[in-house]
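Next up is a structure, given as structure tokens.
Sequence lines set the chain letters: A, B, ... in the order given, protein chains first and strands last, and positions in each chain run from 1.
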Amino acid sequence: MKYLNVAEKNDAAKNIALHLSRGTSKRREGLSQYNKIYEFEAEVMGQKCQMVMTSVSGHLLALEFASSYKSWQSCNPLTLFDAPVIKYCPENYEKIKKTLEKEVRSCQGLIIWTDCDREGENIGFEIIEVCSAVKSNLRIFRAKFSEITSVSVRRALQNLEQPNRNISNAVDVRQELDLRIGAAFTRFQTLRLQKVFPSKLADSLISYGSCQFPTLGFVVERYRAVNNFVAETFWKIKVNHTINNLSVDFAWDRIRLFDQEACQVLHDICIENPLAKVVNVRTKPKSKWRPLPLDTVELEKLASRKLKINAKETMRLAEKLYTQGFISYPRTETNEFPKEMNLRQLVEHHTGDPNWGRFAQGILDDGGATPRQGNKSDKAHPPIHPTKYTNSLSGNEQRLYEFIVRSFLACCSKDAQGQETTVSIDVANETFSASGLMIIARNYLEVYPYDKWSSKEIHVYENGQTFNPTSIDLVEGNTSPPNLLTEADLIALMEKHGIGTDATHAEHIETIKNCSYVALADAVHFVPSLLGMGLVEGYDAMGLNMARPHLRAQLEADLKAISEGTKQPDIVLAEQFFLVLKCPKCGSGMTLRQKKNNADELFISCLSYPSCKNAVWLPNVVKSLQVQDRTCPICGPNYNIVKFEWRNNSISHLYPPPYDGCIGGCDPAFLDILQINPSSVKPSNSNQNISNNNRPIVENRTNNIRPQAQRQTTIGNMPTRNNTGNRQTGQIAPTVNGSRVQNTAQTRLPAPRIVGDSEDNNVLCSCNKPAIQLTVRKQNANFGKKFYKCATMRENGGCDFFLWAPESENTVQNQFETPPDSGRGSAPPSAGTSNSSRGWGIAPTFSRTDYTPNEDNVMCNCGVPARRVTVQKEGPNKGRPFYGCPKNFSSRCNFFQWADSGTNVEWNNSSTGNSRGRGRGRGGGGGSRGGAVGAGDTVVMVGAGAELDGAESAASAGRRGTRGPDAQIINKIHKGPMDCRKQ
DNA sequence: GCAAGGTC
């Protein structure tokens, strides 16, 4: 018995032969200089056999269009969607093919040793196809292995299986779709854009691919996020405690506020009462986790980040290490080691190394390898790990090998252990925290220098202890935009959305660089070019989300279904093309589209738009439409059956949903009900046949013609429907000083909701229950004012919600109650005049008495030194200094003066400044003038300031203002000052 | 002159 064994590449064939023959294989030349032939003897199914082992070089066959479609000028790119395609052997692979044909003649069996992944299975069938053509009655087997080690390949030979046609079919489908869609769009957009921009793009190839475009899309999307980012100013309080040169910063539990006044007030209170009291000291163990077993994507990302070797180069090096037998198969999605793997032995290989040998021995002495386990498995390959020890490598090959070894040892080791102490202090009812870290055992960090973890010293504090802080500072900062994408970020996004394979991520990134769609801004961060940006925006504007990842993700899901045998390849091919019918006016395809600004409005339009403006508008009753894999028996092959779902039941009695119907005109009543003009779906002369301009042309080059073009199923549902503009990376947390921080919204309490007309008591407190309205009865400046509070008493679990009612509600004094937090007999909060507090908002409960003179000696209308402030709001006056009353919100006078001009301006809260902006920073700006200043506004309305128009009444503006989460912060802040107010 | 996937 003689077997022909065929591997996917020469290196694999060489090493498999080496292992199976225990080093006795004989090498001879084949027709291809790169693909040698190895001969040896081995036992197959208990029988000693002659083995001939050779290889291909990846795919042996390629797909291309029939010759009449090859020239760009020969056809409309649209015809490529159903032009005949041919599998053929490229010229530079002919020698490999001939070697197979020659060698198999003397064999009775064929064993496929291609890589055990989807593509490998398909390459296996290419080999089978070529070999079977010259030798029928071959016994065909598939060897399944996940690494080229002696154990693994021997086990594979003893457990031969059958090749899996389903897996191979999935690859055939992918190839055909990639070719048709890629070629059609590349030709179309290149020819079109060269014509429109002859001076700029005459020599550019403007390619389209189902992987490269979403990759470009990620870059564009992040670029937009950075560009559209509007920084917000925030303020926070920082407490420092320095003794003996050890400086400990305590961070504010509120983190930060977007309202300077509020923050300033709290800071003032802390300054007035600065004694810090330790309220909590917690010590708990903290660990830093060792890395997970390495999969391909992690390898690429970490090599890019830590070794500065880009993904493409990393994979080239890894491939080389793999074929030399130093590491396991580098393309794996698995990050957990199979239980049966002998990790101990793998660790033992490294005990002699001068750098990590001692650590490896330590793992063994300590009870052996206990790897962290991930949660991904491709069921084909284990995580990337060293399979053999070597110290003979150099350069990046050595660095990558070392990284893989160290990762493996680290993962088999133990987490680093530490002890974290967190201290909370109270300063004037504000809480601040600091933490220290003591590292107890570095464990994996000893062998894994790519991670950093350092101790942080802190003073020894005890519960109840008090101390005077060294400083209490008001710190101003700005939120910062997300960073542009690095290669590692981009790969992570590609993986997350299933764009490309582990093996091709790096290549798609290269492609969009080579096409000049993107460039590296600073050698690290990607930015789109004008062309790249234009392409994405152009398709977006047409309502075709070509640069969005979901198309590819959907295909990947379908390919998986084909591999598993749960979906027919032809169905997937049909569904991926989203043509609904052939245009009766011009013969192009017609696609289902959604209206740009309304995903619910569907229409079917001609791909030749704008030269052909034929369109079928669908009424609102059509909820969804899915093109089926069969054509209408009456209207013919240009009309597919369409599955309809209705938005309401108005026509369900006539056409019960889901209704499989045809819009070709075979059911005139159906067209009538859908208000479809028959002339838009069928030729005016019904005898006219427009279907034959794309009939298949069968060309026989290698007897491998697949009859794709015979299919009548070139349509499917529009894949953009369920993904209407959802940005994949749109939710990016703002960063503070370069480090990512929690989304501000998450740090806030739920916003109170105003549910209806303010005449009713419809304010919800922080418990989300209707608040009760009360009126101030204490004889002070706020006498008679109405306010809302939680209906439940504090001691019964009520919240500390407090809100002044709008002024209009204060005209009738029908209740006299004590406002919240008045248990100690204090009055409701106010230190000023009631008429300056209008609309919704808070009235602070304290006053500043220590007004400091300003350098210009400007006094406000109250006769105290005015405070110099800078305009923060986006607008023509941003950055301009001005003077305002230094008093608090409710007691402040209307004084305003630019600090750089000396011109006094009469402050007018009802002016009609168009103050659109983010509206935080300076309390909303409901009364800004010329968009410049919101600082002098006496009404504190935060959160919704961005939406406010100065012409709105303060009351209505305030009502909206309370919707914002900032209102809640203000409400929360309110509690502190009230406890220590001066009456 | 087109894609993406193999590999060289």
Which residues pass the side chain to side chain contact (heavy atoms under 4.5 Å, CB included) test with A:K144, sequence neighbours left out? A:C116, A:R142, A:E161

Does A:K98 come within less than 4.0 Å of A:E101, counting only side-chain N to carboxylate O? no

side-chain contact (heavy atoms from CB on, under 4.5 Å) evaluation trace for A:M53 with A:I16: CA-CA 9 Å; A:M53 180 126 212; A:I16 292 166; 3.7 Å; yes

Sequence neighbours excluded, the answer for side chain to side chain contact (heavy atoms under 4.5 Å, CB included) partners of A:E300 is A:T296, A:A311, A:M315, A:I491, A:H505

For nucleotides 2-7 of chain B, read 5' to 3', which letter fits each nucleotide if B means a protein heavy atom sits under 4.0 Å from the base, S means only the sugar-phosphate is that close, and - means neither? BBBBBB

Report which part of the nucleic acid A:Q189 touches: base, sugar-phosphate, or nothing (heavy-atom distance under 4.0 Å, all strands). nothing

Base, sugar-phosphate, or nothing: which does A:Q73 touch, judged by heavy atoms less than 4.0 Å apart? base

Got a salt bridge between A:E556 and A:K560, using NZ or NE/NH1/NH2 to carboxylate O under 4.0 Å? no

